[in-house]
Amino acid sequence: MLPSLLTHHYGANSGHNSFAKLPIPEFLRRAFHRDQMELDSAVAQMYHTLTAPSQVFRLSRTRKMTKNHYYRDDPAFIVLQVLLIAIVTTVFGVCLSQRPLKILYTVIYECFVNYLALGALIATALWRYCNRFLMAGVMLHEVRREVEWPYSFDVHCNSFFPYFVLTSVVHLAALPLLSGEGFWSRLLANSIYAAGACAYCYVTFLGYLEMPMLQRQHLLLYPIAVIVVLAVLGTVVVPVNMSHVVVRFVWPLD
């Protein structure tokens with residue numbers, strides 16, 4: 001079931017490098033070698049994810065034509081995201097006067113549980129959903145088509161970046177404004193988190209819109225309506241400040 005992305009390589013041509021000889025998938029091995037990652041390209045893709053996300057997904061067509069798969073085989077995008085999450089989480093902890101061990105624990109949790117593990121679960125759910133419910137009809141004698149799991153995880157990574165910028169970077173910058181107890185603080189906080197969640201759904205929609213074997217991708221936009229309703233309810237009807245909720249969950253008082 002594991003995709004070819006996780007094919008094992010033993011680095012036979014790198015005898016001087018004992019690390020390269022370990023049975024570690026090529027994708028993970030490259031993540032520890034800066035010269036084997038296209039960092040400039042990853043930074044450009046992050047920028048376009050915020051400004052023109054459809055351009056990022058158009059690159060998947062080029063990969064399909066040149067490498068016969070849609071997903072990235074370069075770990076640079078993920079590596080940079082993990083570093084950014086670690087940096088912003090650390091600054092958040094320092095601003096909230098957290099202990100060093102608590103900051104370290106939260107950095108590990110945010111990077112490897114919230115981003116990677118939870119992202120893998122979301123990618124798996126969408127991968128199964130798309131292959132089961134959004135796949136266009138297959139003609140007789142046509143080769144079976146399906147969305148690749150690594151591409152679904154790529155979509156998650158792309159979608160997570162604008163969500164992260166809004167709910168972490170903007171949240172951190174606006175923390176003095178969001179920490180208040182009044183209506184305007186609650187409105188601003190809930191708007192930021194609603195915009196982040198909507199951006200995640202929209203970029204996810206664009207990612208699967210690039211898949212020629214899928215149809216009815218607009219169904220992936222339906223959660224946006226739910227997000228907007230919840231944001232209005234949490235702001236007007238049942239007062240809930242998402243900034244307070246997240247800060248107390250991520251940085252609970254000892």
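Because the structure is a prediction, the values reported are computed rather than measured.
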A.B. asks: Checking the side chain of Y151 only, and the main-chain atoms of Y208 only, is there a donor and an acceptor separated by less than 3.5 Å?
C.D. replies: no
A.B. asks: Going only through I, L, V, M, F, W and Y residues with side-chain contacts under 4.5 Å, is there a path from F160 to I227?
C.D. replies: no
A.B. asks: Anything under 30° is parallel, anything over 60° is perpendicular, the rest tilted; go ahead and classify F153 against W149.
C.D. replies: parallel
A.B. asks: Distance-only, no hydrogens or angles: does the T204 side chain make a donor-acceptor pair with backbone N or O of Y200 under 3.5 Å?
C.D. replies: yes
A.B. asks: Got a donor-acceptor contact below 3.5 angstrom from the S60 side chain to the F57 backbone?
C.D. replies: yes
A.B. asks: Backbone N or O of R72 within a donor-acceptor pair of the D154 side chain at under 3.5 Å?
C.D. replies: yes
A.B. asks: How many angstroms lie between atom CZ of F77 and atom CE of M46, to the nearest 0.5 angstrom?
C.D. replies: 5.0 Å
A.B. asks: Quick check for you: to the nearest 0.5 Å, what is the distance between I85 atom CD1 and I108 atom CD1?
C.D. replies: 13.5 Å
A.B. asks: Can you give me the closest heavy-atom contact between A42 and L80, atom names plus distance?
C.D. replies: CB-CD1, 3.7 Å
A.B. asks: Under a single-linkage definition using a 4.5 Å side-chain heavy-atom cutoff for Ile, Leu, Val, Met, Phe, Trp and Tyr, are Y222 and V155 assigned to the same hydrophobic cluster?
C.D. replies: yes
A.B. asks: For H171 versus L178, what's the shortest heavy-atom pair and its separation?
C.D. replies: CD2-CD1, 3.3 Å
A.B. asks: Rounded at 0.5 Å granularity, tell me how far CZ in R186 sits from OG in S243.
C.D. replies: 12.5 Å
A.B. asks: Considering only heavy atoms from C-beta outward, does the side chain of L233 approach that of V238 to under 4.5 Å?
C.D. replies: no
A.B. asks: Which atom pair, heavy atoms only, marks the closest approach of L96 to V247?
C.D. replies: CD1-CG1, 4.0 Å
A.B. asks: Can you check whether M242's main-chain N or O pairs, donor with acceptor, with N190's side chain at less than 3.5 Å?
C.D. replies: yes
A.B. asks: Give me the one residue out of V203, L166, V56, T49 that meets side chain to side chain contact (heavy atoms under 4.5 Å, CB included) with F161.
C.D. replies: T49
A.B. asks: Are V43 and I78 connected in a single hydrophobic cluster, I mean Ile/Leu/Val/Met/Phe/Trp/Tyr linked by side-chain heavy atoms less than 4.5 Å apart?
C.D. replies: yes
A.B. asks: Between the main-chain N or O of I103 and the side-chain N or O of Q98, is there a donor-acceptor pair closer than 3.5 Å?
C.D. replies: no
A.B. asks: Please, which pairs that meet salt bridge (charged side-chain N to carboxylate O under 4.0 Å, His left out) have at least one residue in residues 37-59, sequence neighbours excluded?
C.D. replies: none
A.B. asks: Between CG of L104 and OG1 of T90, what distance do you get to the nearest 0.5 Å?
C.D. replies: 8.5 Å
A.B. asks: Are the side chains of P252 and K102 in contact, using a 4.5 Å heavy-atom criterion?
C.D. replies: yes
A.B. asks: Does the W127 side chain pair with the main chain of V147, one donor and one acceptor, at a distance under 3.5 Å?
C.D. replies: yes
A.B. asks: Count the heavy atoms of every other residue, nucleotide or ligand shown that sit under 6.0 Å from OH of Y163, and state whether that count exceeds 12.
C.D. replies: no
A.B. asks: Any side-chain donor paired with an acceptor under 3.5 Å for T106 and T89?
C.D. replies: no
A.B. asks: Is L39 linked to L59 within one hydrophobic cluster, defined over Ile, Leu, Val, Met, Phe, Trp and Tyr using a side-chain heavy-atom separation of less than 4.5 Å?
C.D. replies: no
A.B. asks: Dump the intermediate steps for side-chain contact (heavy atoms from CB on, under 4.5 Å) on L50 and V165, then the final yes or no.
C.D. replies: CA-CA 9 Å; L50 298 174; V165 170; 4.1 Å; yes
A.B. asks: Should we count CZ of F183 as having more than 12 external heavy atoms under 6.0 Å?
C.D. replies: yes
A.B. asks: Which of parallel (below 30°), tilted (30 to 60°) and perpendicular (above 60°) describes Y71 and H69?
C.D. replies: parallel
A.B. asks: Output, in order, the C-alpha distance, side-chain angles, deciding distance and verdict of side-chain contact (heavy atoms from CB on, under 4.5 Å) for V88 and F164.
C.D. replies: CA-CA 10 Å; V88 173; F164 164 75; 3.6 Å; yes
A.B. asks: Sub-3.5 Å donor-acceptor pair from the side chain of S152 to the main-chain atoms of L126, do we have one?
C.D. replies: no
A.B. asks: At what distance, to the nearest 0.5 angstrom, does OH of Y70 lie from NZ of K64?
C.D. replies: 5.5 Å
A.B. asks: Looking only at non-hydrogen atoms, find the nearest pair between G180 and N241 and report the distance.
C.D. replies: O-ND2, 3.7 Å
A.B. asks: List the atom of E146, the atom of M135, and the distance in Å for their closest heavy-atom pair.
C.D. replies: CA-CE, 3.6 Å
A.B. asks: Identify each donor-acceptor pair in which a side-chain atom of residues 112-121 lies under 3.5 Å from a protein atom, sequence neighbours left out, and give them as a table.
C.D. replies:
unit_1: N114; atom_1: ND2; unit_2: E110; atom_2: OE1; d: 3.1
unit_1: Y115; atom_1: OH; unit_2: Q81; atom_2: OE1; d: 2.1

A.B. asks: So, the side chain of H218 versus the backbone of F205: is there a donor-acceptor pair under 3.5 Å, distance only?
C.D. replies: no
A.B. asks: Return the set of residues passing salt bridge (charged side-chain N to carboxylate O under 4.0 Å, His left out) with R61 (not counting sequence neighbours), or none when no residue passes.
C.D. replies: E210
A.B. asks: Report yes or no: do E181 and S185 form a side-chain donor-acceptor pair below 3.5 Å?
C.D. replies: no
A.B. asks: Give me the atom names and distance for the closest heavy-atom approach of L134 to L219.
C.D. replies: CD2-CD1, 3.8 Å
A.B. asks: Under a 4.5 Å side-chain heavy-atom rule over Ile, Leu, Val, Met, Phe, Trp and Tyr, are L83 and V107 clustered together?
C.D. replies: yes
A.B. asks: Please report the interatomic distance CZ(R216) to CZ(F133), rounded to the nearest 0.5 Å.
C.D. replies: 9.5 Å
A.B. asks: Between Y109 and Y105, how do the two ring planes meet: parallel, tilted or perpendicular, split at 30° and 60°?
C.D. replies: parallel
